[in-house]
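Atom set for the values below is all heavy atoms of this structure, side chains included, hydrogens, waters and symmetry mates excluded. All residue numbers in this chain count up from 1 along the given sequence.
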Amino acid sequence: MIAEQILFSQGFGTRHECTGLILQGRFHVNGTAVTDPDEDIPTENLTFEVDGVEWPFFEKAIILLNKPEHYECSLKPIHHPSVLSLLPPPLRVRKVQPVGRLDEDTTGLLLLTDDGKLIHRLTHPKKHVTKIYRVALKHPITEKQIAHLLKGVQLADSPDIVKAVSCEKVSELVIDLGITQGKYHQVKRMMAAVSNRVVALERIRFGNLSLPEDLKPGEWTWVKSVKEITG
């Protein structure tokens with residue numbers, strides 16, 4: 001792939017702007033400035049620099065963000081900033097989008113990608129991708145409530161029966177709840193259906209991918225392969 005096309009595909013501006021970056025000596029590969037926009041550069045395992053900042057080349061971007069509170073998973077937020085504001089400009093130019101949504105007050109593992117087929121693959125109900133949430137509760141969890149969640153509950157104002165695929169008691173007031181659906185306020189509504197209440201909610205796992213312990217709220221990292229998510 002030629003140098004100009006690499007920068008354009010990775011979100012560094014229009015083709016004209018990418019050519020300008022190269023002609024100005026701001027694009028480096030293996031520590032050497034690339035000054036010819038038409039220079040052919042192998043993209044396999046490529047890491048390049050723009051203005052001294054390293055970027056790995058990915059044909060499709062997959063991002064893991066540790067979502068903080070008070071951010072909306074929306075391209076057009078209404079009450080709070082968009083999670084996209086936490087990402088650097090090249091990723092926003094690439095038009096990465098959240099894979100599903102987390103509520104404004106829900107924190108934790110959020111995937112974003114510019115791969116539309118992957119979004120469909122990970123969010124379609126028939127794919128049964130498990131998401132695990134760490135749920136802090138107002139009232140101590142009971143074995144009866146856990147059994148009810150695993151058997152299935154009917155959500156308020158809805159005929160749908162939804163059930164947890166797993167429910168692990170972490171403490172009297174904390175559970176790890178696994179679900180495969182992605183209905184509106186689903187975890188909160190499920191807990192309400194068993195006469196409990198969510199006071200804090202964090203997604204800690206998506207498929208096979210866990211939230212890294214060293215990734216602080218608001219920070220992000222690359223997901224290098226779809227296999228990290230789907231196994």
For the pair Leu84 and Val96, evaluate side-chain contact (heavy atoms from CB on, under 4.5 Å) and give the outcome as yes or no after the intermediate values. CA-CA 8 Å; Leu84 297 175; Val96 297; 4.1 Å; yes

Given the rule in the side-chain contact (heavy atoms from CB on, under 4.5 Å) test, do Phe12 and Phe27 qualify, once you have shown the distances and angles that lead to the verdict? CA-CA 11 Å; Phe12 284 89; Phe27 175 52; over 6 Å; no

Determine whether Lys144 and His148 satisfy the following criterion, side-chain contact (heavy atoms from CB on, under 4.5 Å), listing intermediate values before the conclusion. CA-CA 6 Å; Lys144 183 177 180 180; His148 195 176; 5.7 Å; no

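Taken from OG1 in Thr130 to CD in Gln181, the straight-line distance is 9.5 Å, to the nearest 0.5 Å. Considering CD of Gln10 and CG of Leu46, their distance stands at 8.0 Å, rounded to 0.5 Å. Summarising the geometry, atom CG belonging to Leu177 is positioned 12.0 Å from atom NZ belonging to Lys131; distances are rounded to the nearest 0.5 Å. Expressed to the nearest 0.5 Å, how far CE of Met1 lies from CG of Leu7 amounts to 11.0 Å. The line from OG of Ser9 to CD of Glu4 is 9.5 Å long, rounded to the nearest 0.5 Å. The CD1 atom of Ile229 lies 9.5 Å from the CG atom of Asn208; values are rounded to the nearest 0.5 Å.
Applying the 6.0 Å contact sphere to CZ of Arg197 captures no more than 12 heavy atoms from other residues, nucleotides or ligands. The 12-atom threshold is exceeded at CZ of Arg92, counting heavy atoms of other residues, nucleotides or ligands nearer than 6.0 Å. The number of heavy-atom neighbours closer than 6.0 Å to CG of Asn45, taken from other residues, nucleotides and ligands shown, is 12 or below. Taking a 6.0 Å sphere around NZ of Lys188, one finds it holds more than 12 heavy atoms contributed by other residues, nucleotides or ligands. Asp51 CG: more than 12 foreign heavy atoms inside a 6.0 Å radius.
A side-chain donor-acceptor contact under 3.5 Å links Asp114 to the backbone of Ala61. Without hydrogens or angle criteria, Gln145 side chain to Val194 main chain gives a donor-acceptor distance under 3.5 Å. One N or O on the side chain of Arg203 and one on the backbone of Leu109 form a donor-acceptor pair closer than 3.5 Å. Formation of a donor-acceptor pair under 3.5 Å by the Asp115 side chain with backbone atoms of Lys117 is found in this model.
One hydrophobic cluster, built from ILVMFWY side chains closer than 4.5 Å, holds both Val198 and Leu155. Both Leu86 and Leu75 are members of a single hydrophobic cluster when ILVMFWY side chains are connected at heavy-atom separations under 4.5 Å. Leu87 and Leu118 are not part of a single hydrophobic cluster, where members link through side-chain heavy atoms under 4.5 Å apart. Leu211 and Ile132 end up in different hydrophobic clusters when Ile, Leu, Val, Met, Phe, Trp and Tyr side chains are linked at under 4.5 Å. Val165 is not connected to Leu149 by any chain of hydrophobic side-chain contacts under 4.5 Å among Ile, Leu, Val, Met, Phe, Trp and Tyr, and they are in different clusters.
Here the rule is side chain to side chain contact (heavy atoms under 4.5 Å, CB included) with Val223, and of Ile63, Thr113, Ile62 only Ile62 fits it. Put simply, the residue from Arg205, Arg134, Lys169 that forms a salt bridge (charged side-chain N to carboxylate O under 4.0 Å, His left out) with Asp176 is Arg134.
The aromatic rings of Phe58 and Trp222 sit tilted relative to each other, their planes meeting at an angle between 30° and 60°.
Counting only heavy atoms from C-beta outward, the side chains of Gln5 and Arg15 approach each other to under 4.5 Å. Annotation: side chain of Tyr133 is in contact with side chain of Leu102 (closest heavy-atom distance under 4.5 Å). A 4.5 Å side-chain heavy-atom check between Pro88 and Val53 finds every atom pair outside the cut-off. Residues Cys73 and Leu110 have side chains in contact (heavy-atom distance under 4.5 Å, counting atoms from C-beta outward). Val129 has its side chain within reach of Phe206: a pair of non-hydrogen atoms, C-beta onward, lies under 4.5 Å apart. A heavy-atom distance below 4.5 Å is not found between the side chains of Ile41 and Thr43. Looking only at side-chain heavy atoms (C-beta outward), Ile175 and Met191 come within less than 4.5 Å of each other. Annotation: side chain of Leu112 is not in contact with side chain of Trp220 (no heavy-atom distance under 4.5 Å).
Aromatic ring centroids of Phe48 and Phe57 lie 6.0 Å or more apart.
The side-chain hydrogen bond (donor to acceptor under 3.5 Å, both in side chains) analysis of residues 56-85, with sequence neighbours excluded, yields the pairs His70-Glu104.
Within the hydrophobic cluster formed by Ile, Leu, Val, Met, Phe, Trp and Tyr side chains joined at under 4.5 Å, directly or through other members, Ile78 stands alone, with no partner residue.
Listed here is the closest heavy atom pair of Val83 and Pro98: CG2-CG, 4.2 Å. The heavy-atom pair separating Gln154 from Ala193 by the smallest distance is O-CB, 3.8 Å.
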